[in-house]
Amino acid sequence: MIPAWLWLLCFSIPQVTLETEDGHVLWGPQPVLVHVKDENDQVPHFSQAISRVQLSQGTRPGIPFLFLEASDEDEPGTANSDLRFHILNQAPAQPFPDMFQLEPRLGALALSPKGSTSLDQTLEGPYRLLVQVKDMGDQASGHQATATIDVFIVENTWLPLDPVHLAENLKVPYPHHISQVHWSGGDVHYHLESQPPGPFDVDAEGKLYVTMELDRETQAEYLLQVWAQNTHGEDYTEPLELQVVVMDENDNVPVCSPRDPPISIPELSPPGTKVTRLLAEDMDAPGSPNSHVVYRLLSPEPKETEGRAFELDSTSGSVTLGALPFHAGQNILLQVLAVDLGGAEGGLSSTCEVTVTITDINDHAPEFITSQIEPISLPEDTKPGTLVATLMATDADLDPTFRLMNFAIEAGNVDGTFGLDWEPDSGHVQLRLLKNLSFETAPSHKLVVVVQSVAEMVGPGPSPGATATVTVLVERVLPPPKLDQESYEASIPVSTPAGSLLLTIQPLDPMSSPLRFSLVNDSEGWLCIKEVSGEVHTARPLQGAQPGDMYTVLVEAQDADEPTLSTFVTLVIHFLKAHSAPAPTLALVPTRHLCTPRKNHGVVVSGPSEDVDLADGHGPYSFALGLNPTVQRDWHIQAFNGSHAYLTLALHWVEPREYLVPVIINHNAQMWQLLVRVIVCRCNVEGQCMRKVGRMKGMPTKLSAVGILVGTLLAIGIFLILIFTHLTLARKKDLDQPVDSVPLKAAV
Ligand SMILES: *[C@@H]1O[C@H](CO)[C@@H](O)[C@H](O)[C@H]1NC(C)=O
Ligand SMILES: *[C@@H]1O[C@H](CO)[C@@H](O)[C@H](O)[C@H]1NC(C)=O
Ligand SMILES: *[C@@H]1O[C@H](CO)[C@@H](O)[C@H](O)[C@H]1NC(C)=O
């Protein structure tokens, strides 16, 4: 203990000065720190000389049930105030002398392990303990004090608790007392824990409370643990457990599962088909009436006459189809009441809703709108690819995939002459011609077209409307007559006399049926055509025609057997300059012979004058064949000197007969036409004409003798005529001698 004046000294800091006798300060003032040293002059003492304490049986050894308190006024932290507690004596010393233990520094009094076991068996005591407190720590010296502690042993009241049943939603004032615990030892603190955490509490007296309403659906059971603890929070013994059971009340409505997606049921499903199973959940205690849910069908309401659309099992909630039929595309709202308490009065309920959609099935076969189509006429020359007919079909199903159709020609499509064309999702099909028609092979076609659903059909088979019959009649088309040229041309002088043959129009195929020719628009009337042979002549003198002009007429060639078939061809006439002289008369020259097949022979054709006077400006003659194409085809002419030309066969083989070959000779704007009579005969071995061998000369028969006689007389007659004619001509020649009147000559 530090005396009061010293404390004062310590905290009012003194100052030191050095002064002379006359009061002069030589040094200072300077503060001086004075340390006062503690001395163990104080005695420790207990806060209570006698303590009474209750000790419960069952207290665990080593758990302090009393904390001794003592104080020492010496300086804290020094050995002078360092206190130690000891038990000096235990009375009675039964059954053991060391029933207790005292922690020397803390003064915590507890049962020793030995004491704990004996205390549980017999109820001893009370015990009187003499305890000492001493300073100077563990040193032998020091001041000391003593105290007496009476320890009363009490019965263990820390007994197991019965479970508590608590109704949920209990309407009482809270906190609501539910149970009680009691630790009979002294200095007890109760501590409560709830598993899972819940609204429970314990007070200092060990009364247990629930502090608010419970909800079974949140937590149906709690396990509470209560501990008895000393002032330091150490457990005297094991905790007591209390089970709290929350009792159910019908406070939950059956709840339907959230609105399900619509349920699809195929149309035509039989009664009894499972539709769905409704499940309403009730949160109340399982197995109790509070959660016993039954079902009632609210909608659609059953109709007395037609029967039920749906059947509902009230217990299981399963819904099946009733007898009432549905049709595809129907949407039905199914409303079912779910009631708890097994449907008893006062039960809670809610309405469950499910939409049922009746889906389509492919139960309708596609059908043609018209199955009998008017006969269709097609000309024989109709081009492949031509649309013949469009057929329409329908399908009564709703689902687009069930409305998809396939088409096929089931019968009558010989050689694939026809084909079908359709868009997959359209109801119409196009019948097209794929190949050339032929009236000869098939004058008509009877096609049977079938339509089928692409998707597999359910139910009835194909209907009679699934086929359509198309009759195609082939119209005969005959080709128009063909001619040997695409167009015809002729060049003639404007002075060409009437009746001149210009050319011949012929069929391409001589074996084809005969043709009838006519001029369509010979507006000038210059021409005429032989109806059968096709020879075109000038009909009259070409008055008004100008050299260099062209005259085009259309010629019609009709099939003689089939007058509707005809061909038109143009005939172009080019007009040339007129001859200065009158048109040449056609001169017949002596008959020649040529044999066929062609040999290296020809006929020499001479111009009108043997000696061409080249010197006096007169050019050579030019030779050409007549314009008749047949002549041009069969014959060939080539000039070999100024006045002569060589006529040969152009073809290897020409039919043996008599020919009149028109040869046109031009000279100085003059023109002559010469008809060379050539007899074509078969060649003999020598390559000459094979003539009929007559009888040997000099061996005349009687008949030939008469013939010779007549012939001789005839010759004399002719001779006389010639002389006369010659005389006449000679006289005439003297008057005027036109060039073209010179007799034409030709020689073999
Ligand atoms: C069909 O006819 C046309 C004209 O008539 C012809 O050009 C074509 O070659 C023919 N096709 C067949 C495959 O006969
Ligand atoms: C005759 O008809 C053809 C074709 O139409 C035409 O080119 C020609 O000029 C016509 N001829 C006459 C003389 O009208
Ligand atoms: C042309 O040939 C023929 C026959 O060979 C002959 O008679 C004639 O004199 C010839 N004319 C000329 C101008 O050479």
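Whatever order the structure lists ligands and atoms in, that order sets their numbers, starting from 1. Scope of the values below: all heavy atoms of this structure, side chains included, with no hydrogens, waters or symmetry mates. Keep in mind the model is a prediction, meaning the values are calculated, not measured.
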**OP:** Apply the test salt bridge (Lys or Arg N to Asp or Glu O under 4.0 Å) to residues E556 and R516: give CA-CA distance (whole Å), side-chain angles for both, the deciding distance (0.1 Å), then the verdict.
**Re:** CA-CA 8 Å; E556 183 181 9; R516 296 283 174 268; over 6 Å; no

For the backbone of G385 and the side chain of R432, can you confirm whether one donor and one acceptor N or O come within less than 3.5 Å of each other?
yes

By disulfide bond (SG atoms under 2.5 Å apart), C528 pairs with (sequence neighbours left out) none

Open item on the list: I'd like to know if D397 pairs up with R403 as an ion pair, taking the criterion as any Lys NZ or Arg NE/NH1/NH2 lying under 4.0 Å from an Asp or Glu carboxylate oxygen.
Closed with: no

With a sphere of 6.0 Å drawn around NZ of K599, does it hold more than 12 non-hydrogen atoms of other residues, nucleotides or ligands?
yes

Can you tell me how the ring of Y551 sits relative to the ring of W526, calling it parallel under 30°, perpendicular over 60° and tilted otherwise?
perpendicular

Residue shell for ligand 2, any heavy atom closer than 4.0 Å, reads N521, S523, Y551, T552, L554

